[in-house]
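Sequence lines set the chain letters: A, B, ... in the order given, protein chains first and strands last, and positions in each chain run from 1.
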Number of protein chains: 2
Amino acid sequence: MDKKTVLIVDDEKNIRILLKDFLEREGFSVLEAQDGRQALELFNEKCEELNLVLLDVMLPELDGWTVCREIRKLSKVPIVMLTARSEDFDEVHGLEIGADDYVKKPVKPTTLVARINALFRRIEPDESKTVMSYDGLEIDDSSHVVKIDCQEIALSPKEYTLLVLLVENKGKVISREQLLNQVWGYNYYGGLRTVDTHINRLRMKLGSKGEAINTIRGFGYKFEG
Amino acid sequence: MDKKTVLIVDDEKNIRILLKDFLEREGFSVLEAQDGRQALELFNEKCEELNLVLLDVMLPELDGWTVCREIRKLSKVPIVMLTARSEDFDEVHGLEIGADDYVKKPVKPTTLVARINALFRRIEPDESKTVMSYDGLEIDDSSHVVKIDCQEIALSPKEYTLLVLLVENKGKVISREQLLNQVWGYNYYGGLRTVDTHINRLRMKLGSKGEAINTIRGFGYKFEG
DNA sequence: TATAATGTTTACAAAACTGTAACAAAACTT
DNA sequence: AAGTTTTGTTACAGTTTTGTAAACATTATA
């Protein structure tokens, strides 16, 4: 998987910096433009290597709408439009003139990246993955692979199901009854202590990451502190 | 461009009706489900003809997250997740487990349709690949020929179908139920162990390449590690 | 601090799962 | 119609997984 290049077009410098930093940390390569004219120039020049354009709607000189339409004429590069003021938030129009997503500012970088990845996943279906991750723990449910620091570990069916449930509800306490219902089935008849045993086995196999499974005395278990 | 089929999954009847009416007026064909279990059943049955799933997060029985993950395991059908309550609005998680868009209710039908169209615009008409290959294994679906290191091998119909399904979903775990549904037909009534037997026969015929078929204890089989 | 309540760990037998072989029914060929 | 191939089921064995109980540890409570 090669590095993706993103062009950020925004007239506010702090926003460009914020997004650029975050995207680079996520492994993207980033170009910047501060107005529509510059954006189009850069686009013409680097068209081939661009994978995505992050386009603000309010721009000096040439507005985002126009830039979006121009780019669409030339290329199929995905475009995400950003908008700040609610009166500019004509989502339907934005999508109709060729944007692939349309997002209201302020946008959390994590969210933005998640949306960008979802977009890429669509375009290059080979890399489609459904991963949950936390710290160095990675769960790909479609391939059923659990990794700790990129090292695959083997879990039994119950352990796996339990882990997925915990991670999925990370931050929330889940009672033993709930765990029994979800993992063992709602008409399962068995002792609650069984859950403890499995939690224990899971913790062992997760090694240091096992500490992310917290005991909430009297209530149940919770993933993450 | 033929008519697109959308599956609406929501437990609120008025929302289903509202969306259904609107989508049908826009030229879509619509199916409905009111809970997660029903959604998955419908999905298994109509998998082939579906183009999009509109999935509410809050559902009785099986929640939207689970449904989304299940669908993702087997298919590349786009999924749009809807959510009503803000505490359920974990956009990043939704997108990570395979949703293509994630929208907060109440959503204007016009907006929704614009987003759906933007999604479809991205998806290229899949040139139905006829040749699949993995390592020294080559499957030409148009001529029905399977080769190992350029050496043609003979597979029975069931073995062939099974292999194609596995290879098409390489890297993904497929449950015995799913294999039965896809290979033997949706309303086939027969034991799950039958799948094991055929997997076994397939492995034999594939020789060393047979090792690419992995057993995922408690869940099913997966092609490739 | 003593006691009760709750959670953790260990050990082991029971249960569940899978691979394989054998067999008979069904489908297909000739 | 006889022979061949494909198919579904069952049974058995080896292995892994699982549930339970009991001992052990920890935390709360009086």
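Every residue meeting the side-chain hydrogen bond (donor to acceptor under 3.5 Å, both in side chains) condition with A:Gln178, not counting sequence neighbours, appears here in chain and number order: A:Ser175. Remark: B:Ser208 engages no residue in a side chain to side chain contact (heavy atoms under 4.5 Å, CB included) (not counting sequence neighbours). With sequence neighbours left out, the side-chain hydrogen bond (donor to acceptor under 3.5 Å, both in side chains) criterion links B:Arg176 to B:Asp196, B:Tyr221. Not counting sequence neighbours, the partners of A:Arg16 by the side-chain hydrogen bond (donor to acceptor under 3.5 Å, both in side chains) test are A:Glu32. Under the salt bridge (charged side-chain N to carboxylate O under 4.0 Å, His left out) criterion, B:Glu49 pairs with no residue at all, not counting sequence neighbours. Evaluation of the side-chain hydrogen bond (donor to acceptor under 3.5 Å, both in side chains) rule for A:Lys105 yields A:Asp10, A:Asp56 as partners, not counting sequence neighbours.
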Sugar-phosphate atoms are those with a prime plus P, OP1 and OP2; base atoms are the rest. Using that split, label each nucleotide of nucleotides 17-30 of chain C B, S or - for protein heavy atoms under 4.0 Å, 5' to 3'. BBBBSB--------

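Residue-level contact check: A:Tyr160 touches neither bases nor backbone, having no heavy atom under 4.0 Å from any strand. Across all strands shown, B:Thr194 has heavy atoms under 4.0 Å from base atoms, whether or not it also approaches the sugar-phosphate.
The stretch residues 30-49 of chain B participates, sequence neighbours left out, in no ring-ring contact (aromatic ring centres under 6.0 Å, His included) pair at all. Residue pairs meeting the ring-ring contact (aromatic ring centres under 6.0 Å, His included) criterion with at least one member in residues 189-210 of chain A, sequence neighbours excluded: A:Trp184-A:His198.
For DNA chain D, the outermost nucleotides in 5' to 3' order that have an atom under 4.0 Å from a heavy atom of chain A are D:dT17 to D:dT27.
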May I have the list of side-chain donor-acceptor pairs in residues 158-170 of chain B shorter than 3.5 Å, sequence neighbours left out?
{"unit_1": "B:Glu159", "atom_1": "OE1", "unit_2": "B:Ser156", "atom_2": "N", "d": "2.9"}
{"unit_1": "B:Glu159", "atom_1": "OE1", "unit_2": "B:Ser156", "atom_2": "OG", "d": "3.4"}
{"unit_1": "B:Glu159", "atom_1": "OE1", "unit_2": "B:Lys205", "atom_2": "NZ", "d": "2.9"}
{"unit_1": "B:Tyr160", "atom_1": "OH", "unit_2": "B:Asp141", "atom_2": "OD1", "d": "2.6"}
{"unit_1": "B:Thr161", "atom_1": "OG1", "unit_2": "B:Pro157", "atom_2": "O", "d": "2.8"}
{"unit_1": "B:Asn169", "atom_1": "ND2", "unit_2": "B:Leu165", "atom_2": "O", "d": "2.9"}

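For the helix from C:dT1-D:dA30 to C:dT30-D:dA1, the rotation axes defined at the first and last 5 base pairs enclose an angle of 30°, given to the nearest 10°.
Toward the 5′ end of DNA chain D lies the nearest nucleotide of B:Ala154, the other residue of the pair A:Trp184 and B:Ala154 mapping further downstream.
Counting only heavy atoms from C-beta outward, the side chains of A:Asp135 and A:Glu224 never approach each other to under 4.5 Å.
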